[in-house]
Amino acid sequence: MTDSTGQRPPIQLFVPKFRTDETLEEIRETLERGWTGMGFKTVEIEKAWSDYTGLPHSHFLNSNTSGLHLAFDVLKSRHGWVDGDEIITTPLTFVSTNHAILYTGLTPVFADIDDMLCLDPESVLERITDRTRAVIFVGIGGNVGQYDRIRDICRERGLKLILDAAHMAGTRVEGRHVGHDADVTVFSFQAVKNLPTGDSGMICFADAEDDAKARRLSWLGISSDTYARTTGAGSYKWRYEVEELGYKYNGNSVMAAMALVALKYLDEDNARRREICDLYDRYLEGQPGIVRVPMAPGTEPSRHLYQVLIEDRDETILKLNARGVAPGVHYRDNSAYSLYQPYAGNTPRAAEASEKLLSLPLHMSLTDDDVAYVAEQLIAVVSG
Ligand SMILES: Cc1ncc(COP(=O)(O)O)c(C=O)c1O
């Protein structure tokens, strides 16, 4: 597509699509009612999300990062984990995944990735020690990878399983939304995710008591339940109890209003994402020097990302920028960051991917012609 000067505007990596009028109408309700905080629309989105995913407990938060912190915090305190206990994780993720382990005084142990860029079960098995308490699985780009095998390992070894589903809103396996067999699943509804708001997320615990604790902790540890139990429901509600040191991680009604509208279009948008990815696949298949990242077979991935591996990635990005294409990189091997160097392990595939990965533009405003243009430019740069 060209603009009025005949120029093709740069094709961006991510451009969120908001149904503006519908979203403003939903937000208007919160303003007119005078209720923009927690409650009202946050209750509605929690119900809508549970209905959509089939997950029994959904708690709306201000981000996925907060949710990951809560996930470790709740599991640590409810299961008697102590500082320094080990969590097996991937080095190829956004740092939120691993920061959450450190926030909680736990130790990240990096396992390597497979060709789908997700945790490799064999590498996970090699990392298990008597201090291992859990595995956190990241479904990069909406990919399920070898999640089932990791889940089975966790069950056999008595480990908890946390699913960082930041990219997985709408990913299904055999018709079922992901998350139903994890101890806790955390989604991101950040501004450029498949279900975009400004910033928000959802935490979904399998266990009702874990969920109840997460709800208290996301609201500064405030519990009216204890007081209600002793005084009878409804009386002296202002005299709530604070039993534990919580955080201010709750979501609000303005973000929830945005999420309620975006949720209506999630399946439609993800279907278009898959169509775009199929087009990229068709153009790039068999092209020398371009390795496509496979999706787990037989699944319906949300396709948050379309990733390829190429040599000279950094140079290629600059050349693509000059041709009006703005790709991205997801992600740098976390163990290369100075904060994580003390935890660096033997993860050669993640280190290699970190140097070669490139994410191509993928969003709702791309035309088929844009996709063809991006693929053409990539092929030209890589073969040139
Ligand atoms: C894999 C992964 N985990 C966690 C997060 C954090 O999500 P949020 O921005 O909602 O905190 C992101 C966001 O980019 C992510 O990509």
Side-chain angles (χ1 to χ4, degrees), residues 13-16 42 45 49 58-73 87-104 108 110-111 113 116-119 134-145 147 150 161-171 178-179 182 184-204 214 218 247-252 254-256 258-259 262-263 266 273 293 301-307 328-335 337 340 350 353-354 357 359 362-363:
L13 172 66
F14 294 140
V15 180
T42 68
I45 187 64
W49 188 250
S58 299
H59 182 41
F60 188 60
L61 298 171
N62 59 7
S63 72
N64 162 294
T65 306
S66 306
L68 293 173
H69 180 198
L70 281 180
F72 287 111
D73 206 52
I87 309 298
I88 298 177
T89 182
T90 174
L92 203 80
T93 184
F94 189 57
V95 288
S96 294
T97 314
N98 293 316
H99 279 14
I101 300 172
L102 294 182
Y103 293 154
T104 328
F110 292 121
I113 55 164
M116 293 180 273
L117 309 175
C118 296
L119 275 180
V135 177
I136 181 161
F137 186 93
V138 180
I140 290 258
N143 204 340
V144 168
Y147 170 84
I150 305 278
L161 176 57
I162 297 116
L163 178 57
D164 179 349
H167 302 177
M168 300 184 101
T171 291
V178 292
V184 52
T185 304
V186 189
F187 297 92
S188 174
F189 303 152
Q190 181 265 344
V192 297
K193 297 296 189 294
N194 292 42
L195 195 158
T197 63
D199 258 312
S200 62
M202 195 72 85
I203 187 165
C204 304
S218 69
Y247 315 96
K248 185 71 170 57
Y249 282 172
N250 62 282
N252 67 60
V254 178
M255 291 301 113
M258 294 186 78
L263 179 56
L266 180 58
R273 285 173 178 276
V293 174
S302 55
R303 296 306 322 235
H304 177 58
L305 301 173
Y306 185 91
Q307 294 174 285
V329 173
H330 301 89
Y331 291 93
R332 185 166 174 215
D333 177 351
N334 285 189
S335 65
Y337 294 125
Y340 287 100
S354 175
L357 274 173
S359 302
L362 179 50
H363 53 81

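Because the structure is a prediction, the values reported are computed rather than measured. Counting convention: from 1, in listed order, for ligands and their atoms alike. Here, residue 1 is the first one in the sequence, and each next residue gets the next number.
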Considering only non-hydrogen protein atoms, determine which one is nearest to [atom] and report residue, atom name and distance to 0.1 Å.
atom: atom 14 (O) of ligand 1; result: Lys193 NZ, 2.7 Å
atom: atom 2 (C) of ligand 1; result: Ala166 CB, 3.4 Å
atom: atom 3 (N) of ligand 1; result: Asp164 OD2, 2.7 Å
atom: atom 10 (O) of ligand 1; result: Ser188 OG, 2.7 Å
atom: atom 7 (O) of ligand 1; result: Asn64 CB, 3.3 Å
atom: atom 12 (C) of ligand 1; result: Phe94 CD2, 3.6 Å

Practice prompt. Give the contacting part of His167 toward ligand 1: side chain, backbone, both or neither, where contact means a heavy-atom distance below 4.0 Å.
Written response: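 Side chain only; the backbone of His167 stays clear of ligand 1.
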
Fill in: Mode of Ile140 contact toward ligand 1 - side chain, backbone, both, neither (heavy atoms, under 4.0 Å)
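The answer is neither; Ile140 stays 4.0 Å or more away.
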
Would [X] count as a polar contact of ligand 1, with the cut-off being nitrogen or oxygen pairs under 3.5 Å?
X: Thr65; answer: yes
X: Asp199; answer: no
X: Gln190; answer: no
X: Tyr331; answer: yes

Need the ligand 1 atom indices (1-based, order shown) with element for anything under 4.0 Å from a heavy-atom of [X].
X: Ser63; result: 10 (O), 11 (O)
X: Thr93; result: 1 (C)
X: Thr97; result: 3 (N)
X: Val138; result: 1 (C)

Worksheet item: Are Phe189 and ligand 1 in contact, using a heavy-atom cut-off of under 4.0 Å?
Response: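 No, Phe189 has no heavy atoms under 4.0 Å from ligand 1.
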
Closest heavy-atom contact between [X] and [Y]?
X: Ile203; Y: Ala71; result: CD1-N, 3.9 Å
X: Gly142; Y: Thr171; result: O-OG1, 3.0 Å
X: Ser302; Y: Gly170; result: CB-C, 4.3 Å

Name every donor-acceptor pair, under 3.5 Å, that has one atom in a side chain of residues 87-94 and the other anywhere in the protein, sequence neighbours excluded.
residue : atom : partner : partner atom : Å
Thr89   : OG1  : Asn98   : OD1          : 2.7
Thr90   : OG1  : Leu92   : N            : 2.9
Thr93   : OG1  : Thr97   : OG1          : 2.7

Worksheet item: Does the side chain of Tyr340 come within less than 4.5 Å of Leu102's, by heavy atoms?
Response: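 The answer is yes; the side chains approach within 4.5 Å.
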
Worksheet item: Does the side chain of Phe72 come within less than 4.5 Å of Ile136's, by heavy atoms?
Response: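 Yes, side chains in contact.
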
Worksheet item: Does Thr197 reach the main-chain N or O of Phe189 with its side chain, forming a donor-acceptor pair under 3.5 Å?
Response: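 Yes; at least one donor-acceptor contact below 3.5 Å.
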
Practice prompt. Rounded to the nearest 0.5 Å, what's the gap from CD1 on Ile45 to CE on Met255? Could you check?
Written response: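 Spacing of CD1 (Ile45) from CE (Met255) equals 12.0 Å.
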
Discussion item. What's the separation between atom CZ in Phe60 and atom OG in Ser200, rounded to the nearest 0.5 Å?
Written reply: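 Phe60 atom CZ to Ser200 atom OG measures 3.5 Å (nearest 0.5 Å).
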
Discussion item. Going by the rule side-chain hydrogen bond (donor to acceptor under 3.5 Å, both in side chains), which residues pair with Tyr249 if we only count those two or more places apart in sequence or in a different chain?
Written reply: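 Tyr249 satisfies side-chain hydrogen bond (donor to acceptor under 3.5 Å, both in side chains) with His69 once adjacent residues are dropped.
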
Item to complete: Establish, yes or no, whether a centroid distance under 6.0 Å links the rings of His304 and Phe14.
Response: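 Ring-ring flag for His304/Phe14: true, centres closer than 6.0 Å.
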
